Amino acid sequence: MNAKDKENMSEFALIQRYFKTLSEPAASVLLGIGDDCALLTPPVGCALAVSIDTQVEGVHFPHNAPAEQVGRRVACCALSDLAAMGAQPLWATLALTLPQVDSAWLEAFSRGLGAILKRFHTTLIGGDTTQGPLAITLQVHGSVAPDQALRRSGAQVGDVIYVTGCLGDGAAALAYLQGKFQPEDAACTYLTERFYAPEPQISAGHALAGVASSAIDISDGLLADLTHISEASGLGATIYIEALPISPLWCNQVEPTQAQHWALTGGDDYQLCFTLAPERQLPQSQAWQAYPIGVITQTPGIIILNHGQPVHINTGGYEHFR
Ligand code: ADP
Ligand code: MG
């Protein structure tokens, strides 16, 4: 195809060229991209975990963001929900709204999306392609034993609260990408990667399935997401600011209160926050980490302590925190 033919590409040709290639053969897929529906066989005895995530240009990622990075981000953010449920990824469907057919953009987007899907053994089994302002919706499907799925509602008083990695990276990255924070070079590279490819914590979720009492992925900020756990469990929580893992790559380049604020309230970190009964052994693995940051309590609400002293955090809109 020459360049002009590509830009005039039919919807059918576009799907064949950029998305059929992301459809890996899998025993669970009887029929993939190309018919009115995909035909699938879920693993015997497992529940299907299903989640859908939309990313709109200018809302979830900057205008003119590199297409490969957009593809990676879409896949990472969607797969994070499967991680939070303790599910193993199986399939994905893609609803793509494009302003025009731009073959260079599609090529790079497909490459980025495909790299992440492949790494997590997720095969693309269908989708929809329409014209309009750039928006990308990815639905992901995974499998989990029904009695082992990690819900938000299972936390108990005395459970230890953990997170799987650094907090505040998403907010620091957004400030950097918006030109509001100019960190040193090493931090720029790190934050750009954390924004566009926040590692879905699939290994952690899998190891914690049937072990942790509750879990959520941190997409809206630790306080907001931990509140989902505490409210769903009918309990409260205390967290220790000094225990929050914050990356040394950028942490010392802002005021300590700014770093803590980003770690507590910033979105887009995609670490897991989970709770574990104190008598249960934390699964050990080289593949992921766990940092204890607090404890589940009886009284509803979240108390934040800084070396034992209560602090009030202005959460900007989330009113039910204390
Ligand atoms: P229908 O009109 O029956 O919905 P389409 O013409 O929209 O079918 O799609 C044809 C096939 O291509 C279907 O199997 C659909 O799942 C797949 N498809 C369409 N768009 C995409 C996309 N962006 N990514 C992956 N598969 C897609
Ligand atoms: Mg049809």
Side-chain angles (χ1 to χ4, degrees), residues 1 3-43 48-83 87-143 196-198 200 202:
M1 261 194 283
K4 188 152 190 327
D5 287 343
K6 279 189 196 163
E7 305 307 320
N8 291 333
M9 192 181 313
S10 71
E11 186 187 323
F12 176 78
L14 181 157
I15 294 161
Q16 288 292 316
R17 187 171 175 88
Y18 299 111
F19 298 113
K20 186 100 196 248
T21 45
L22 308 190
S23 160
E24 300 272 328
S28 63
V29 181
L30 301 181
L31 187 62
I33 292 174
D35 213 310
D36 295 308
C37 291
L39 295 176
L40 309 163
T41 31
L48 272 188
V50 180
S51 172
I52 190 163
D53 204 48
T54 294
Q55 306 244 347
V56 178
E57 181 179 40
V59 178
H60 300 92
F61 56 88
H63 286 282
N64 301 315
E68 182 167 354
Q69 301 282 52
V70 174
R72 296 169 78 214
R73 178 171 163 83
V74 165
C76 288
C77 297
L79 287 168
S80 175
D81 279 323
L82 293 182
Q88 292 281 41
L90 290 167
W91 318 304
T93 51
L94 171 70
L96 190 57
T97 303
L98 299 168
Q100 72 271 322
V101 175
D102 173 341
S103 50
W105 192 95
L106 278 161
E107 168 86 44
F109 172 78
S110 164
R111 193 178 337 118
L113 178 74
I116 302 295
L117 293 183
K118 193 173 179 129
R119 188 144 71 80
F120 291 97
H121 311 291
T122 312
T123 186
L124 192 67
I125 47 119
D128 195 25
T129 308
T130 51
Q131 189 173 26
L134 180 60
I136 304 138
T137 297
L138 194 70
Q139 184 171 52
V140 289
H141 316 76
S143 63
Y196 285 116
I202 296 290

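In each ligand, atom 1 is the first atom listed, and ligand 1 is the first ligand listed. Note: hydrogens, waters and symmetry copies are ignored here, and every other heavy atom, side chains too, is used. Being a predicted model, the structure only gives us computed values, none of them experimental. Quick note: residue numbers are just sequence positions, from 1.
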_I'd like the name of whichever of Leu22, Thr130, Leu106, Thr129 reaches closest to atom 22 (C) of ligand 1 through any heavy atom._
Thr129

*Do Gly34 and ligand 1 have an N or O pair less than 3.5 Å apart?*
yes

Could you go through residues 22-30 and list every donor-acceptor pair under 3.5 Å that involves a side-chain atom there, pairing it with any protein atom two or more places apart or in another chain?
unit_1: Ser28; atom_1: OG; unit_2: Trp91; atom_2: NE1; d: 2.8

_Please compare Ile15, Leu98, Leu124, Asp128 and report which has the shortest non-hydrogen distance to atom 7 (O) of ligand 1._
Asp128

_Separation between CG of Leu134 and CG of Leu96, rounded to the nearest 0.5 Å_ = 7.0 Å

*Measure the CG-CG distance between Leu124 and Leu113 for me, rounded to the nearest 0.5 Å.*
6.5 Å

*Among Ile33, Asp35, Thr93, whose heavy atom sits nearest atom 13 (C) of ligand 1?*
Asp35

_With heavy-atom distances below 4.0 Å as the criterion, list the atoms of ligand 1 near Asp36._
3 (O)

*Keeping to residues at least two apart or across chains, list the ring pair (Phe, Tyr, Trp, His ring centres under 6.0 Å) pairs with something in residues 95-127.*
Trp105-Phe109

_Identified side-chain hydrogen bond (donor to acceptor under 3.5 Å, both in side chains) partner of Thr97 from the options Thr129, Thr130, Asp128, Thr54_ = Thr130

